[in-house]
Amino acid sequence: MFKNLTLALAMYLLIGCSSPNIYQDLNTMPLTPVEREKYELGIAFGGGGIRGFIHLGVLKALEEEGIKPDVVSGTSAGSIAATLYASGMKLEEIELAIEKVHMSDIADFVFSSKGLVNGKKLSAWINSYIDYDDLSEMPIPVAVTATNMTTKETVMIRSGNPGHAVQASSTIPGAFVPIENNGDILVDGGVFSVVPVYTARKLGAKK
């Protein structure tokens, strides 16, 4: 019995109570038709777990040829790579950060009927690598996608706290506690847009 109580106490200490993810700083916009094209190349980082980082190999190959994207977009896991890259981090630095990260660094398990992971640790991890307070300040234009469950549509996040934006884009329904933003509920951008090509076009990329 003592052993069971000890185990229960340890689990309680490791798993905290959920706190609401209420962010008012994210500026979400619907994916309306592209108004103009002003950049040559855009890279869309897709979702799907590890596949969201495969694009780093593509970027490395392009950079070896002297080609760099003018704009980047990202969905779900791809929003992590897109945001870190847009902040000015070198590809080697991004790869090292991803290799070093542990589950405990980005997953804050909680007791909640809304999800098993709160998501705030992921947000903090992103912000620990970025020197910018707002997505709109990034050296490379970037946007991440999320799904607005209130309006049932894909939205583009172009400005706001980088960690909050990535957290919203990576909030897998049922697994992560959703984001509340200005009265709307935001979850994983991959629900409707696994590869955010149109988002890159919306930023002005020709191809």
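As the structure is a computational prediction, the values presented were derived from the model and not from experiment. Note: hydrogens, waters and symmetry copies are ignored here, and every other heavy atom, side chains too, is used.
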S.K.: In Å and rounded to the nearest 0.5 Å, what is the CG to CD distance from Leu91 to Glu64?
M.R.: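 These two atoms lie 9.5 Å from each other.
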S.K.: Mind checking the CG-OG1 spacing from Leu31 to Thr28? Nearest 0.5 Å is all I need.
M.R.: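 Nearest 0.5 Å value for the CG-OG1 distance: 10.5 Å.
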S.K.: Just jot down the side-chain hydrogen bond (donor to acceptor under 3.5 Å, both in side chains) partners of Asn161, sequence neighbours excluded, or say none.
M.R.: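 Partners of Asn161 by the side-chain hydrogen bond (donor to acceptor under 3.5 Å, both in side chains) criterion, ordered by chain and then number, come out as Asn127.
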S.K.: Let me have the donor-acceptor pairs involving side chains of residues 189-196, under 3.5 Å, with sequence neighbours excluded, atom names and distances please.
M.R.:
none

S.K.: Output yes when a side-chain donor or acceptor of Ser170 lies under 3.5 Å from a complementary backbone atom of Gln167, and no otherwise.
M.R.: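 Judged by distance alone, no pair lies under 3.5 Å.
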S.K.: Please give me the minimum heavy-atom distance between Asp133 and Glu137, naming the atom from each residue.
M.R.: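 Looks like N-OE1, 3.5 Å.
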S.K.: Between Thr154 and Thr147 (side chain of the first, backbone of the second, donor and acceptor by atom type, cut-off under 3.5 Å), is there such a pair?
M.R.: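 No: the side chain of Thr154 does not pair with the backbone of Thr147.
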S.K.: What's the shortest heavy-atom distance between Ser79 and Val144, and which atoms?
M.R.: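 Looking at all heavy atoms of both residues, the shortest contact is CB-CG1, 3.6 Å.
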S.K.: Atom CG in Leu186, atom CG in Asn21: separation rounded to 0.5 Å?
M.R.: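 One gets 10.5 Å once the value is rounded to the nearest 0.5 Å.
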S.K.: What do the steps show when you test Thr83 against Met138 for side-chain contact (heavy atoms from CB on, under 4.5 Å), and what is the final call?
M.R.: CA-CA 9 Å; Thr83 302; Met138 299 287 198; 3.7 Å; yes
S.K.: Side chain of Thr75, backbone of Gly46: donor and acceptor closer than 3.5 Å?
M.R.: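 Checking the backbone N and O of Gly46 against the side chain of Thr75, no donor-acceptor pair under 3.5 Å is found.
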S.K.: Please tabulate, for the side chains in residues 175-182, all donor-acceptor contacts under 3.5 angstrom to protein atoms that are two or more places apart in sequence or on a different chain.
M.R.:
| unit_1 | atom_1 | unit_2 | atom_2 | d |
| --- | --- | --- | --- | --- |
| Asn181 | OD1 | Leu26 | N | 3.4 |
| Asn181 | ND2 | Leu26 | O | 3.1 |

S.K.: Going by the salt bridge (charged side-chain N to carboxylate O under 4.0 Å, His left out) test, which pairs reach into residues 90-99, not counting sequence neighbours?
M.R.: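 Checked against salt bridge (charged side-chain N to carboxylate O under 4.0 Å, His left out) - neighbours excluded - the pairs reaching residues 90-99 are Lys60-Glu95.
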S.K.: Please report the shortest heavy-atom distance between Leu135 and Ala165, naming the atom on each side.
M.R.: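 That closest heavy-atom pairing would be CD1-CB, 3.6 Å.
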S.K.: Can you tell if the side chain of Leu59 reaches within under 4.5 Å of the side chain of Val72, non-hydrogen atoms only?
M.R.: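 No, their side chains stay 4.5 Å or more apart.
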S.K.: Under a single-linkage rule joining Ile, Leu, Val, Met, Phe, Trp and Tyr whose side-chain heavy atoms are separated by less than 4.5 Å, which residues share a cluster with Leu96?
M.R.: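 In the cluster with Leu96 there is nothing else; it is isolated.
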S.K.: Donor-acceptor pair, Arg158 side chain versus Val142 backbone, under 3.5 Å?
M.R.: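 Flag set: sc Arg158 to bb Val142 pair under 3.5 Å.
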S.K.: Shortest non-hydrogen contact from Ser123 to Gly163?
M.R.: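 Shortest heavy-atom contact: OG-C, 3.1 Å.
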S.K.: Side-chain heavy atoms nearer than 4.5 Å, only ILVMFWY residues, links allowed to pass through others: does that put Leu122 and Tyr85 together?
M.R.: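 Cluster IDs for Leu122 and Tyr85 match.
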S.K.: Nearest heavy-atom pair of Gly183 and Thr150: which atoms, and what distance?
M.R.: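 What the structure gives for the nearest pair is O-OG1, 4.1 Å.
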S.K.: Without hydrogens or angle criteria, can the side chains of Asp188 and Ser76 be said to hold a donor-acceptor pair below 3.5 Å?
M.R.: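 Yes, Ser76 and Asp188 have a side-chain donor paired with an acceptor closer than 3.5 Å.
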S.K.: Please identify each residue that fulfils side-chain contact (heavy atoms from CB on, under 4.5 Å) with Glu153, with sequence neighbours left out.
M.R.: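 side-chain contact (heavy atoms from CB on, under 4.5 Å) check on Glu153 returns Pro30, Asn148, Thr151, Val155.
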S.K.: Is there a donor-acceptor pair under 3.5 Å between the side chain of Asp108 and the backbone N or O of Lys120?
M.R.: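 Yes; at least one donor-acceptor contact below 3.5 Å.
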S.K.: Between the side chain of Ser73 and the main-chain N/O of Ala143, is any donor-acceptor distance below 3.5 Å?
M.R.: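 Not at all, since once roles are kept as given, no pair shorter than 3.5 Å links the two residues.
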S.K.: With a 4.5 Å cut-off on side-chain heavy-atom distances among I, L, V, M, F, W and Y, is there a chain of contacts connecting Phe45 to Tyr132?
M.R.: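 Yes, one cluster joins them.
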S.K.: Taking it one step at a time, do Asp70 and Lys206 satisfy side-chain contact (heavy atoms from CB on, under 4.5 Å)?
M.R.: CA-CA 10 Å; Asp70 300 299; Lys206 292 181 182 178; over 6 Å; no
S.K.: Can you hop from Val166 to Ile106 via hydrophobic side chains spaced under 4.5 Å?
M.R.: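 Yes, it is one cluster - the side chains of Val166 and Ile106 are joined through contacts under 4.5 Å.
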S.K.: Going from NZ on Lys202 to OG1 on Thr145, what distance comes out if it is rounded to the nearest 0.5 angstrom?
M.R.: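 Nearest 0.5 Å value for the NZ-OG1 distance: 14.5 Å.
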S.K.: Hey, any chance Met149 and Met156 share a hydrophobic cluster, counting ILVMFWY side chains that come within less than 4.5 Å of each other, even indirectly?
M.R.: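 No; Met156 is not reachable from Met149 via cluster members.
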S.K.: Answer with yes or no whether the hydrophobic clustering places Val187 together with Val110; edges join I, L, V, M, F, W, Y residues whose side-chain heavy atoms lie under 4.5 Å apart.
M.R.: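 No, no single cluster joins them.
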S.K.: Given 3.5 Å as the limit, does a donor-acceptor pair link the side chain of Ser128 with the main chain of Trp125, or not?
M.R.: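 Between the backbone of Trp125 and the side chain of Ser128 there is a qualifying donor-acceptor contact (under 3.5 Å).
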S.K.: For Lys121 and Ser104, which heavy atoms make the closest approach, and how far apart are they?
M.R.: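 What the structure gives for the nearest pair is NZ-O, 2.7 Å.
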